[in-house]
Number of protein chains: 2
Amino acid sequence: MSNNQFKRGELYSVINGMASTAVARRLQKNFRQAGLEITIEQWSVLYHLWKEDCLSQQELCNRTFRDKPSITRLIDNLEKQKLVKRMPSKTDRRINLVCLTEAAKQLQNQTIDLANQTMNEALVGVNKEEIETVKQVFQRVYDNLT
Amino acid sequence: MSNNQFKRGELYSVINGMASTAVARRLQKNFRQAGLEITIEQWSVLYHLWKEDCLSQQELCNRTFRDKPSITRLIDNLEKQKLVKRMPSKTDRRINLVCLTEAAKQLQNQTIDLANQTMNEALVGVNKEEIETVKQVFQRVYDNLT
DNA sequence: GACATATAGTTAGTTATGCAACTAATTTCA
DNA sequence: TGAAATTAGTTGCATAACTAACTATATGTC
């Protein structure tokens, strides 16, 4: 086993166990403290709908990197909380369009500010070039494996 | 909302949705194809025990960045598969030491090679400096939030 | 020594994830 | 046109995550 390979193995452990879950936990905690009853996963779905409303479930799978059953159940829960509504597509009867309710639209500013604040806390001492490198590496890794 | 903040929000989405799960899924798939019946989470616990055997559950929490109930159940499942054994500590009766079985020791070479191979696939086109930057950024993020 | 506090681990409840197998609608193409 | 293949979404099953509440042991302090 070469030294380089070992370092790469270490990276796996770093990527999967540490920073990403730390950020997610902190953001979830900030939501709770603000009295917001949504999970971080639900928020990540809403995040994409705020950018573009009424996406199909398949499109949400693509944008959130989740599989279809995961999205089905996240949408189930978001629908129970009356944050989204499934609407049949007029052009393709297989498709559900997932659309925001008024309540969800009102969540946007509040949660985006919390998310930005959390990322600012998380990224103290990290500069723009480093952030850019991380994004590029992750995009590259994703492309390599899919 | 400043432009810089928005970019940081984007990073969150990248970190949590994409590369880390892509790597985990690929590694899990490689385990399955090799006929190995362990999950990626179980493997990550074994990974730390291969480095140092007979750790307490609390120490495994620290090293794998998981909480206590998660480790309790991971160890439950690993014990069912006869890959680890809980041993009472002689000096502190609150503590379980989690020790590898022979079967688990034999898994080591096979799975480490698969993990290295998976990381090599994942990191095609990524250089050492970039890997170092990612590791440093993640360590910094983790330290900022804990 | 005794009571308060801290630490190690477990259990219960809810949400989320991945895979495999399924239904229903659409598209392809012979 | 009609059968085969593809696509969108759901359901069942197993594992894993987090929180909160719990038991048991150890430590600290008066």
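All values below come from the heavy atoms of this structure, side chains included, with hydrogens, waters and symmetry mates left out. To find a chain, count down the sequence lines: A is the first, B the second, and so on, and within it residues start at 1. Treat the numbers as computed from the prediction; the structure is a model and nothing was measured.
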- Selection from dA26(D), dC19(C), dA16(D) that lies nearest to any side-chain heavy atom of Arg93(B): dA26(D)
- Task: State which of dT17(C), dT26(C), dA16(D) makes the closest approach to the side chain of Asp92(A).
- Result: dT26(C)
- Query: Arg66(A) CZ to dT15(C) P: how many Å, rounded?
  - Reply: 15 Å
- Message: Can you see if the side chain of Arg86(A) gets near the phosphate of dG9(D) - specifically, an N or O under 4.0 Å from OP1 or OP2?
- Response: no
- Message: Given 3.5 Å as the limit, does a donor-acceptor pair link the side chain of Gln42(B) with the main chain of Leu83(B), or not?
- Response: no
- Message: Distance check needed: dC13(D) C1' versus Asn77(B) CG, whole Å only.
- Response: 14 Å
- Is there a side-chain polar atom (N or O) of Thr39(A) under 4.0 Å from OP1 or OP2 of dA16(C)? yes
- Taking the nucleotide of DNA chain D with the closest heavy atom to each, which residue, Ser56(A) or Leu74(B), is nearer the 5' end? Ser56(A)
- Message: Check this one for me: any side-chain N or O of Ser70(A) less than 4.0 Å away from OP1 or OP2 of dG18(C)?
- Response: yes
- Note on the structure: Closest non-hydrogen contact found for Trp43(A) with Ala115(A) is CZ2-CB, 3.6 Å
- Over 12 foreign heavy atoms within 6.0 Å of NZ, Lys82(A): no
- Item | Rounded interatomic separation in angstrom, taking CZ from Arg94(A) and P from dA8(D) | 6 Å
- Item | dA12(C) base / Arg73(B) side chain donor-acceptor hit below 3.5 Å | yes
- Message: How many whole angstroms separate atom CZ of Arg26(A) from atom P of dA17(D)?
- Response: 20 Å
- Separation of atom CD1 in Ile40(B) from atom P in dG18(C), rounded to whole Å: 12 Å
- How long is the line joining CG of Asp76(A) and P of dA8(D), in whole Å? 18 Å
- Query: Nearest of dT10(D), dA12(C), dA16(D) to any side-chain atom of Gln57(A)?
  - Reply: dT10(D)
- Taking the nucleotide of DNA chain D with the closest heavy atom to each, which residue, Gln42(B) or Arg32(A), is nearer the 5' end? Gln42(B)
- Tell me which nucleotide among dG9(D), dA20(D), dT10(D) gets nearest to the side chain of Pro69(A). dT10(D)
- Lys68(A) NZ to dT23(C) C1': how many Å, rounded? 11 Å
- Message: From CG of Asp67(A) over to P of dT10(D), roughly how many Å is that when rounded to an integer?
- Response: 12 Å
- Task: Under 4.0 Å between any heavy atoms, over every strand shown, what does Thr72(B) touch: base, sugar-phosphate, or nothing? Just pick one.
- Result: base
